[in-house]
Amino acid sequence: MKEILELHPNIKVYNDNYIVANYNLKNYKKITDIYNAYIDYFPDTEDRFLYYFAFSFYSEKDFLNSCNIIRTR
């Protein structure tokens, strides 16, 4: 799935599926790695994806980014 995102980074459904799949597999680092690109492409992010990002940052012990995501909404 990562290769698909590299070819088509601006297609939301591909990004969303990548996030959900990695969340279910507990691959939180893969989710945090795409955070900045995702927010740049899709600034009106749904709350559930903000949760996935915040939880992933928290799981990776990046508490500052996790809290910032929650605070900005």
Side-chain angles (χ1 to χ4, degrees):
M1 288 184 84
K2 182 67 174 164
E3 292 84 19
I4 292 171
L5 289 184
E6 291 170 358
L7 291 172
H8 307 286
N10 61 335
I11 298 178
K12 189 172 185 318
V13 70
Y14 295 167
N15 282 272
D16 293 350
N17 289 340
Y18 181 81
I19 291 166
V20 171
N22 281 298
Y23 180 81
N24 289 333
L25 294 170
K26 299 181 179 165
N27 292 329
Y28 304 121
K29 177 73 172 123
K30 290 183 179 184
I31 297 171
T32 61
D33 286 346
I34 68 163
Y35 174 73
N36 288 327
Y38 187 95
I39 295 300
D40 287 344
Y41 278 113
F42 317 109
D44 296 327
T45 303
E46 297 173 42
D47 289 342
R48 70 183 175 128
F49 289 101
L50 292 174
Y51 165 80
Y52 293 140
F53 284 120
F55 186 88
S56 296
F57 278 114
Y58 184 85
S59 296
E60 291 295 309
K61 310 270 189 278
D62 187 344
F63 305 120
L64 181 61
N65 277 323
S66 180
C67 290
N68 283 339
I69 291 168
I70 294 169
R71 261 196 307 254
T72 59
R73 289 295 174 156

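Please read all numbers here as calculations on a predicted model, not as lab measurements.
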Query raised in the report: Looking only at atom types and distance, does a side-chain atom of S66 sit under 3.5 Å from a main-chain N or O of D62, one as donor and one as acceptor?
Result: no
**Report entry** Hydrophobic cluster identity match, V20 and I39, side-chain contacts under 4.5 Å
**Finding:** yes
Query raised in the report: Taking the six-membered ring for Trp, are the ring centroids of Y35 and F57 within less than 6.0 Å of each other?
Result: yes
Query - Single-linkage hydrophobic cluster Y28~Y58, side-chain heavy atoms < 4.5 angstrom - result: no
Query raised in the report: What's the shortest heavy-atom distance between I31 and I19, and which atoms?
Result: CD1-O, 3.6 Å
Query raised in the report: So, N27 and Y18: side-chain donor and acceptor under 3.5 Å apart, yes or no?
Result: no
Query raised in the report: Of all heavy-atom pairs between F42 and P9, which one has the smallest distance, and what is that distance?
Result: CZ-O, 4.0 Å
Report summary line: In D33, N15, D16, the residue satisfying side chain to side chain donor-acceptor pair (under 3.5 Å) with Y38 is D16
Query raised in the report: Residues in salt bridge (Lys or Arg N to Asp or Glu O under 4.0 Å) with K30, at least two apart?
Result: none
Query - Nearest non-hydrogen partners of E60 and K29, listed with the distance - result: OE2-N, 3.6 Å
Report task. Considering non-hydrogen atoms only, spot the tightest contact between L50 and I69 and give its length. Result -> O-CG2, 3.6 Å
Query raised in the report: Among the clusters formed by ILVMFWY side chains lying less than 4.5 Å apart, do F49 and Y14 turn up in the same one?
Result: yes
Report task. Determine the interplanar angle of the Y52 and Y23 rings, folded into 0 to 90°, and report it as parallel if under 30°, tilted if 30 to 60°, perpendicular if over 60°. Result -> tilted
Report task. Report yes or no: do I4 and V13 belong to one cluster of Ile/Leu/Val/Met/Phe/Trp/Tyr joined by side chain heavy-atom distances under 4.5 Å? Result -> yes
**Report entry** Closest non-hydrogen atom pair between I70 and A54, with its separation
**Finding:** CG1-CB, 4.0 Å
